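The chains referred to below are lettered A, B, ... by the order of the sequence lines, with proteins before strands, and numbering in each begins at 1. On a predicted model such as this, the values are computed, not experimentally measured, just so you know.
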There are 2 protein chains.
Amino acid sequence: MSATRRMIEVRDADQCCPSVLAAPMDGVDAQRLAVGFAALADPVRLRILSILADSRAGEVCVCDLVSPLEKSQPTISHHLKILSDAGLVHGERRSKWVWYSLDRARLAQLQSSLDA
Amino acid sequence: MSATRRMIEVRDADQCCPSVLAAPMDGVDAQRLAVGFAALADPVRLRILSILADSRAGEVCVCDLVSPLEKSQPTISHHLKILSDAGLVHGERRSKWVWYSLDRARLAQLQSSLDA
DNA sequence: TCAATGCATTGATGTCCGTCAATATACCAG
DNA sequence: CTGGTATATTGACGGACATCAATGCATTGA
């Protein structure tokens, strides 16, 4: 899988944001939403999002996450892949480093699915 | 455990809603938030919340959940306990039935933890 | 070309979770 | 008290997940 290929699967505007409270949800919508919240259901991943949100440049490389989170580098990569599959972050390779940034729009979608 | 005892552990207003995006989160806050999102990270539980939100009286008994969700009664009870422990629903016994209702304030807390 | 660095993937391990059958508990009607 | 109904709990099973060591791949610099 090439680096330039990795973005095509990320998002489809229609399939992301049913509302929990607006109407009875069918199993398919519920399953999709559950995957989104599952990405948020881990303290390491929440802290990754938090660090990304707080970064000056809006992005950080993996090497800058390992030490503050006190997890191994493979573990951090694992969590970044889950966040990336959920559309919450995007990674871009620049020379030796991969820079990850937050997708605030995707986060807002999940948030709005909880609208009253 | 008696029915009247079950409410004491439910909530403490201070411990529920750190913000993901406002500042770097410590592990304790992240852990607490992750527990909240984990309660939302299952399609059956999301559909329970959805059914509760859509109910006329604002509450439904367990017996009204089993058939639409196509899960066994113990499974539904299991999910209701998880939602209850997370403070997202509350159950009240009235005669033979236990009526569950949505805690919209708790849901709003989780939602606001994703504020930009 | 070679060694070093940054990141991803694989494989293994222990733990947690969703599910249901069986059982227990609570309540009510008779 | 007895039987029936509604819900909760227990125990067991299979699958998913978090974690890390080892390894692979890509990039850079010498």
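- In this entry the distance linking CG of A:Asp85 with P of D:dC17 reads 11 Å, nearest Å.
- In this structure, the side chains of A:Lys71 and A:Arg47 stay at 4.5 Å or more apart for every pair of heavy atoms.
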Using a cut-off of under 3.5 Å, enumerate the N/O to N/O pairs linking the protein to nucleotides 15-19 of chain C.
unit_1: C:dG18; atom_1: OP1; unit_2: B:Arg45; atom_2: NH1; d: 3.1
unit_1: C:dG18; atom_1: OP1; unit_2: B:Arg45; atom_2: NH2; d: 2.9
unit_1: C:dT19; atom_1: OP1; unit_2: B:Lys71; atom_2: NZ; d: 3.0
unit_1: C:dT19; atom_1: OP2; unit_2: B:His79; atom_2: NE2; d: 2.5

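- The closest side-chain heavy-atom distance from B:Leu114 to B:Phe37 is below 4.5 Å.
- Legend: residues meeting side chain to side chain donor-acceptor pair (under 3.5 Å) with B:His79, ordered by chain and number and at least two apart, are B:Arg45.
- Between the CG atom of B:Leu83 and the C1' atom of D:dA8 there is a distance of 15 Å, given to the nearest Å.
- Between A:Asp42 and A:Ile82, every side-chain heavy-atom pair lies at or beyond the 4.5 Å cut-off.
- Inter-residue side-chain proximity for B:Ile76 and B:Leu80 is flagged as met; some heavy-atom pair is nearer than 4.5 Å.
- Under 4.0 angstrom from either OP1 or OP2 of D:dA6 there lies no side-chain N or O belonging to B:Tyr100.
- Note: CH2 (B:Trp97) to C1' (C:dC28) measures 9 Å, nearest angstrom.
- Atom CG of A:Leu80 and atom C1' of D:dT19 are 15 Å apart (whole Å).
- Looking only at side-chain heavy atoms (C-beta outward), B:Leu40 and B:Leu49 come within less than 4.5 Å of each other.
- Put simply, the side chain of B:Leu21 reaches to within 4.5 Å of the side chain of A:Leu102, judged on heavy atoms.
- Side-chain contact between B:Asp29 and A:Leu46 is absent, with no heavy-atom pair separated by less than 4.5 Å.
- Distance CG (A:Leu69) to P (D:dA18): 14 Å, rounded to an integer number of Å.
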Close N/O contacts between protein and nucleotides 23-29 of chain D (under 3.5 Å):
none

